[in-house]
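Chain letters run A, B, ... following the sequence lines, proteins first and then strands; every chain starts at 1.
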Amino acid sequence: MRTWVLHVDLDQFIAAVELLRHPELRGRPVVVGGDGDPTRPRTVAATATYEARARGVHSGTPLRTALRRCPDAVFLPSDPPAYEAASARVMAVLRDFPADVEVWGWDEAFLGVRTDDPEALARDIQRAVRERTELSCSVGIGDNKHQAKLASGFAKPAGVHRLTGDTWAEQMNHRPTDALWGIGAKTAGKLAELGLRTVAELAAADPAGLAGRFGPTNGPWLRYLALGKGEAEVVTTPWIPRGHSRETTYREDLTDPAEIAAQISGLARQVTADAAGAGRAIIRVTVKVRFAPFLTRTRQTTLPSPTTDPRTVTGAALDALARFDLNRPVRLLGVGAAYQMPARTRTASP
DNA sequence: TCTGGGGTCCTAGGACCC
DNA sequence: TCTGGGGTCCTAGGACCC
């Protein structure tokens, strides 16, 4: 028996949950996002069913664009508590297997397992999830999280796929660098400027050259990704959030300084209440302002000591706001809190 | 396509101190 | 008078992910 990392990825999670609640919509183009009003500006789709995707509507498409492209689509409001509940049911199913389970958002989890037949286990997991939640998932099998994550993508929809060190080169070498988990459009573009377009080319690149271009940590890490390496440890201890934020895009730009300050105060009070509710103290406050048409700037204030006092946090947010030049219309305001982290537990000292 | 909301981590530069 | 190197903290921004 050997160990494997499995990545379980629910197929079309939000849309699938909505179709369970509205079975009559099956087979129709459905778009989920915002409050479900497709005429509302500055709102985007959280997800879209296959029928809607075929009409050019994807997650991230503005709802007004979606309405233009697909006037007969059904628009549903986003309902996070419902997705939270469905996710919890799925994770409970996964935890019934003899596996370490690391939850990775609503619709994903990594499992650390020991077995001689990971495909059979993957099929068992899919069957259990389907029987107990009526949801479909894809399962990737790898030696580490990176491989398993990519494999579940290849398995979609509803499939099982194995990608390990043994088959990495044959499966990945020909692909563009942004096929790797952690390389997006920007980094792929910079790599292309260096003549590195494929996974194979990146894997063979000079680490020192990459470090010079992307920094001492990121540079070598990129090559590491291209070699199919990655974290293999599945962590079952609960994640401790680093911070929390609230932001709002306004339907119409704000220009009145008093109104802007009032909005920042409200967001700061919300963020403080969230922190207090989570039993966490705030050490730094960041104010985010997105000016029209789409220029985003931040200012932050480090607090003298960790706090959950709303007046202190609000004051710090208003201080940060005062450092902006508010001479342009504002489309978004946000307030973020960095949390004090628990003291690191000491491991064996050298 | 006129571009949500909520996260994570990394980098670079400056201040400050020894 | 001019010149160091290292460490740490803080700030702002960028990139990526779901």
field: Residue A:Val44, side-chain atoms from C-beta onward, closest of B:dG6, B:dG4, C:dC17
entry: B:dG4

- request: Would you indicate what A:Trp104 reaches in the nucleic acid, counting non-hydrogen atoms under 4.0 angstrom: base, sugar-phosphate, or nothing?
  value: nothing

message: Can you tell me how the ring of A:His7 sits relative to the ring of A:Phe110, calling it parallel under 30°, perpendicular over 60° and tilted otherwise?
response: tilted

Carboxylate-amine/guanidinium proximity below 4.0 Å for A:Asp325 and A:Arg297: no

Salt bridge (Lys or Arg N to Asp or Glu O under 4.0 Å) evaluation trace for A:Arg123 with A:Asp117: CA-CA 10 Å; A:Arg123 295 291 180 197; A:Asp117 191 347; over 6 Å; no

statement: Ranking C:dC16, B:dC10, B:dG6 by distance to the side chain of A:Asn218, first place goes to B:dC10

message: If I pick the P atom on C:dC17 and the same atom on B:dT3, what distance separates them, to the nearest angstrom?
response: 23 Å

field: Given DNA chain B, 5'-ward residue of the pair A:Gly215 and A:Pro293, judged by closest heavy atom
entry: A:Pro293

query: Across the strands shown, which category fits A:Thr61 at heavy-atom distances under 4.0 angstrom: base, sugar-phosphate, nothing?
result: nothing

task: Provide, to the nearest angstrom, the distance between the CD atom belonging to A:Glu252 and the P atom belonging to B:dC2.
output: 18 Å

field: Between P of B:dT1 and CZ of A:Arg68, the distance in whole Å
entry: 9 Å

field: Rounded interatomic separation in angstrom, taking CD1 from A:Ile14 and P from B:dG5
entry: 15 Å

message: Just to be sure I understand the rule, does A:Gly334 reach a base, reach only the sugar-phosphate, or reach nothing, if contact means heavy atoms closer than 4.0 Å?
response: nothing

message: Using the six-membered base ring of B:dT3, report whether A:Phe294 stacks on it, requiring centroids under 5.5 Å and planes under 30° apart.
response: yes

message: Strictly below 4.0 Å: does A:Trp221 bring a side-chain N or O up to OP1 or OP2 of B:dC9?
response: no

message: Can you identify which nucleotide, out of B:dT1, B:dG7, C:dT11, has its nearest atom closest to the A:Arg284 side chain?
response: C:dT11

- request: Pick base, sugar-phosphate or nothing for A:Pro41, based on heavy-atom distances below 4.0 Å to the nucleic acid.
  value: nothing

- request: Could you check which of B:dT3, C:dC10, C:dC16 has an atom nearest any side-chain atom of A:Thr302?
  value: C:dC10

Closest heavy-atom pair and its distance - A:Ile283, A:Gln340: CG2-CB, 3.6 Å

statement: Looking only at C:dA12, C:dC10, C:dA15, the nucleotide nearest the A:Lys190 side chain is C:dA15

- prompt: What nucleotide among B:dT3, B:dG5, C:dC16 has an atom nearest to a side-chain atom of A:Thr249?
  reply: B:dG5

task: Taking only Lys NZ, Arg NE, NH1 and NH2, and the carboxylate oxygens of Asp or Glu, determine whether A:Arg2 and A:Asp143 approach each other closer than 4.0 Å.
output: yes

message: Tell me the interatomic distance from A:Arg297, atom CZ, to C:dT11, atom C1', rounded to whole angstroms.
response: 14 Å

- prompt: Among side-chain atoms of A:Asp9 and A:Ser138, is any donor-acceptor pair under 3.5 angstrom?
  reply: no

- prompt: Just checking A:Ala45: base, sugar-phosphate only, or nothing, at a heavy-atom cut-off of under 4.0 Å?
  reply: nothing

message: Side chain of A:Thr217, heavy atoms from C-beta onward: which of B:dC10, B:dG6, B:dT3 has the nearest atom to it?
response: B:dC10

- line: The answer to which of A:Gly212 and A:Glu247 contacts DNA chain B further toward the 5' end, by nearest nucleotide, is A:Glu247

A:Arg290 side chain, from C-beta outward: closest of C:dC16, B:dG5, B:dG4: B:dG4

message: Any base atoms under 4.0 Å from A:Arg331, or only sugar-phosphate, or nothing? Heavy atoms, all strands.
response: base

message: With a 4.0 Å limit, can you tell me whether A:Thr248 has a side-chain N or O closer than that to the phosphate oxygens OP1/OP2 of B:dG4?
response: no

message: For a quick test of reading the model: is some side-chain N or O of A:Arg64 closer than 4.0 Å to OP1 or OP2 of B:dG4?
response: no

message: Does B:dC2 have its OP1 or OP2 closer than 4.0 Å to a side-chain nitrogen or oxygen of A:Thr65?
response: yes

- prompt: More than 12 non-hydrogen atoms from neighbouring residues, nucleotides or ligands closer than 6.0 Å to CD on A:Glu134, yes or no?
  reply: no

message: What is the distance, to the nearest angstrom, from the NZ atom on A:Lys288 to the P atom on B:dT3?
response: 15 Å

- prompt: Would you call the rings of A:Tyr83 and A:Trp106 parallel, tilted or perpendicular if under 30° counts as parallel and over 60° as perpendicular?
  reply: perpendicular

- prompt: Can you check the A:Ile240 CD1 to B:dC9 P distance for me, whole Å?
  reply: 12 Å

- prompt: Are side-chain N/O atoms of A:Arg331 and A:Thr249 paired as donor and acceptor at under 3.5 Å?
  reply: no

field: Contact under 4.0 Å: A:Thr298 side-chain N or O vs C:dG13 OP1/OP2
entry: yes

Check: A:Lys190 and A:Thr187 side chains under 4.5 Å, non-hydrogen atoms: no

task: In whole angstrom, give the distance that lies between atom CG of A:Leu67 and atom P of B:dT3.
output: 14 Å

query: In dot-bracket, 5' to 3', how would DNA chain B read with Watson-Crick or G-U wobble pairs under 3.5 Å, [ ] for crossing ones and | for pairs to another strand?
result: ....||||||||||||||

field: Closest nucleotide among B:dG5, B:dT8, C:dA12 to the A:Pro241 side chain
entry: B:dT8

message: From CH2 of A:Trp106 over to C1' of B:dG7, roughly how many Å is that when rounded to an integer?
response: 12 Å

query: What nucleotide, of B:dT8, C:dC18, B:dG5, holds the atom closest to the side chain of A:Arg242?
result: B:dT8

